Each structure stands twice: as C-alpha cells, then as structure tokens.
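First up is the structure itself, then whatever we jot down about it.
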Amino acid sequence: MSFIDRYGAEILQRTGQHLLLVAVAIVIAVAIGVPLGILITRQPKLSRPVLGVANAMQTLPSLALFGFLIPVPWIGGIGARTAIVALVVYSLLPIIRNTYTGIMGVDPAIREAGRGMGMTDRQLLLQVEIPLAFGVILAGIRLAVVIGVGLATIAAAIGAGGLGEFIFRGVAVVDSQLILAGALPAAIMALVADFALGWIERRLTVKK
Amino acid sequence: MVGAVEFQDVTYRLHSRSLVSRLNFTIQQGETLVLLGRSGCGKTTTLRLINRLLTPTVGAVLVEGVSTREWNPIHLRRRTGYVIQEIGLFPHFTVARNIGVVPALEKWPPPKIQARVFDLMTLVGLEPGRFADRYPHQLSGGQRQRVGVARALAADPPLLLMDEPFGALDPITRVQIQREFRDLQQRLGKTVVFVTHDIQEAFRLGSRIGLMQAGELVVLATPIEFARSTHPEARAFLSVREEDGL
C-alpha cells in the first residue's frame, strides 16, 4: 500500500486542523492587536510598554510557552485552546507593531489637512489613517500568518493536532517520509498564504 | 463692526518658549490679510490659532466675535477653509471625493455634493469630465493646488486660511495661480488669511500685509503703506523685492 493511500485522508484532516488553529488564532490576534496598535497611536505614552511586552512575549521559546500554558486555568490545559492562545501571543507583535508604524507613517500633512477640515478623530482614523496604513497593517498580519503556520506544528506536542502530529511521530520513529507528510503541507500552506496576502497587500496599497 | 477674526493680546507658548507674543490685530470681513515673514517667525502658528488647531496660552482669538475656546473645534474648522503647503490631498480619494470631503462630513445628500464639486472644479479651472475620477498622484503640482483650493471652498466657508499654498510651484504656474486666485477672491469676497515668505506674493494678493518677526507682528499696513515702511525687517524684505525688480 502506498504512502498516500495509507496517510492521504489523515494528511487532509490534519491540514484542516492546522488551518483552523492558525485561522482562529489570527482572527483573535487581529481583534486584539489592531485596536491595541491604534490605541498606542492615540496614547503615545503606552507605546513603549505595549510594544515592549509584545516583544518580550515574542522572545519566549515556543515549546516552553506551550508548556507554561498547560497548567494555567481557563486558557491552558491540553488541546487546541492552549495552542491557539500561544499562537495569538506570537502573532500579536507583528500585528500591533505594523498597525502602529502604519498609522504613524501617514504623512503629517494629510493628517493636518484632515483635522483642519474638521474631521473628528474617529473620522480621521476610519476615513484616512486606516485606509492609508492598510498595506502596512496587512503586511503585519501576513507575517503573523506565516510564523503561525510554522509554529502551529509544535501545537501537536500538547495534543492540539494539526500537521505537527506527523512530524512528532516521524521524529519518534525516525521516518523521514512521515516527517515530510507534516512538513510539506505546512510549508505549502505558508507559501500560499504568503503569496495570497502579498497579492491583496499590493492591490490595496495606496499609490503616492 | 465686528472683525471676521480678532486677536486680543495673544501669546502662544510651547515648552515655555513663546512662538507668538502679544498679537493684537483685527482681520476685516472680505479682506485678504497676508502674513509675511521669515521661516520660524510664527506665521503658521498664528494661522493655526484661528481654526483652533492651537489654543492661545494667553489672550483670545475671536472668530465672528466668539473666542475659539468657546467654538466647537469641529464646527469652527468646517466653517473655515484650510489649504497648506503640502496640500494634504488624500491620496486614496479621487479628485471629486477630495473636494467633497467637508460636504460629505456635513452629510450633504450625494447629488448636491456632486453638483457642488463640479461647480468648484470649473471655478478653479479643472474640467470635471477629465479630472473628477483621477487620483492626486496623477495630477501636476499646479492641478493639485487647484484641487486644494477647491476643497477648501467646498462648504462655502466665510473664512479661508492658506499656509504657503503656492510655495512648491514653479514660478510660471505660481504667478498664473496667484492671478487666478486673486480674481477668484474678488468674485467670492471671502475673508482670507494667507501666509507666505514671498514678498512678491504678499504684494500681489494682499489687501493688507502683516509682517511678523520673532513671533511678533511688527508692521501691519496696506501694500502702499508697507512699501514706505521704515521698519528694518520691512526694509530687508523690500530690498529683496527691489533687487528682483531690476
């Protein structure tokens, strides 16, 4: 029986799990990170601590973070929930930072013109700053997705499933075919996501 | 008669440094007051005190007889056209949408906005059929300035603030736009406060010229009186003009 016959269905199922883990984590990270990034453009005093904490979280070794989270009540434990929390933690930095730098990078003359014409802060944000920063914000999300697809393979270590299952099993029994069954779809997923988001980013970036 | 804008002993300090001090003057309805001065003399600060982008540290700025502190800043700014040197057109909006920004903020019905935008484009010499759907990066510098002026006029504000709006243009386009603007101003009768460091421009456009130096208004006079001023800073500017005249 060929490898594909034996593992094909499981590869599909694990790919689906993997995609779901990353997608849920990115949606949550965007929901937290973009507003937080906007907040620190309004409260510059908060920008250093917020970016500092997000930066520090990024430096935690990923396997250790998964381990740390297991005993934490509510968000921890064995399974997908813990993995999603960890992925969110890692996705926050690029999303917060790019939201912040994207909005701060809007030409001050444009902001001045908007305020001078009587836009409220909210109107300035929604009609001018976010549309103009959109390409940069999306670049942050794209980076978070690519990192997330890779990191999610480690989620298998805490029983969250996904393509990491193959990798851990393959490593345990020294079967490189099995490792590839996890690694290859994950790499393809990362490349496709990178390409697709890059394409959207280029289409939506405003010409100067 | 109440002036359109009145500065009452206005000082503005930032980090305990005075950017403008003890400004006392009145801008009359329908006049074009040109604020002239070197870079950093406080002319832009003076302008930004009028639409409450800044609030005086001491004294008060009265617009239509009401202190800017009492004005709702959003209402005040929507009643005040504002053109800055970099123009600040929104790069992601078409020309038509850029011009219609304030009417849209004021929730005019779309057909009324469109009619107004087309009228203004014609007024500033941009053919609506050709330019309405272009983006700012597809325009020349002079065309962008026209859009900037049209945008400032969109909601028909009684007061226009202009901060070196023609500064970045080549000399030929610049003179042409100045001439057009002067004609436009004569037709519309807006009150205009115009900031520049160019004495030629001050003479071409101003019904009065206010000369600023180190945050103070040192001369305020009609162009004819100004040409006879003995103030050293005025002489310095006038000598440049005479050299140019040769």
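Protein chains get the first letters and strands the later ones, always in sequence-line order, with residue 1 at the start of each. Computed from a predicted structure; not experimentally measured. All values below come from the heavy atoms of this structure, side chains included, with hydrogens, waters and symmetry mates left out.
Arg38(B) CZ: 12 or fewer foreign heavy atoms inside a 6.0 Å radius. For CZ of Phe118(B), the number of neighbouring non-hydrogen atoms (other residues, nucleotides, ligands) closer than 6.0 Å is greater than 12. More than 12 heavy atoms of other shown residues, nucleotides or ligands fall within 6.0 angstrom of atom CZ in Arg169(A).
His92(B) approaches Pro131(A) most closely through the heavy-atom pair CD2-CB, 3.5 Å. Taking every heavy atom of both residues into account, Val101(B) and Met119(A) meet most closely at CG1-CE, 3.8 Å. Nearest heavy-atom pair across Pro91(B) and Leu132(A) is CG-CD2, 3.6 Å. Residues Gly88(B) and Ala113(A) share a closest heavy-atom pair of O-CB, 3.5 Å.
With chain A as the partner, the residue from Arg151(B), Glu106(B), His75(B) showing the most heavy-atom pairs under 4.5 Å is Arg151(B). Comparing Leu89(B), Thr80(B), Leu105(B), Asn72(B) by heavy-atom pairs within less than 4.5 Å of chain A, the highest count is held by Leu105(B).
At a threshold of 4.5 Å between non-hydrogen side-chain atoms, the residues Leu53(B) and Glu112(A) count as touching.
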### Query
Should Arg115(A) and Arg77(B) be marked as a side-chain contact (heavy atoms from CB on, under 4.5 Å) after you check the CA-CA gap, both sets of side-chain angles, and the distance that decides it?
CA-CA 8 Å; Arg115(A) 287 185 64 212; Arg77(B) 290 174 200 155; 4.2 Å; yes

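With a 4.5 Å cut-off on non-hydrogen atoms, Tyr135(B) does not touch chain A at all. Contact annotation for Ile74(B): both backbone and side-chain heavy atoms come within less than 4.5 Å of a heavy atom of chain A. In this structure, the portion of Arg48(B) lying under 4.5 Å from any heavy atom of chain A is its side chain and not its backbone.
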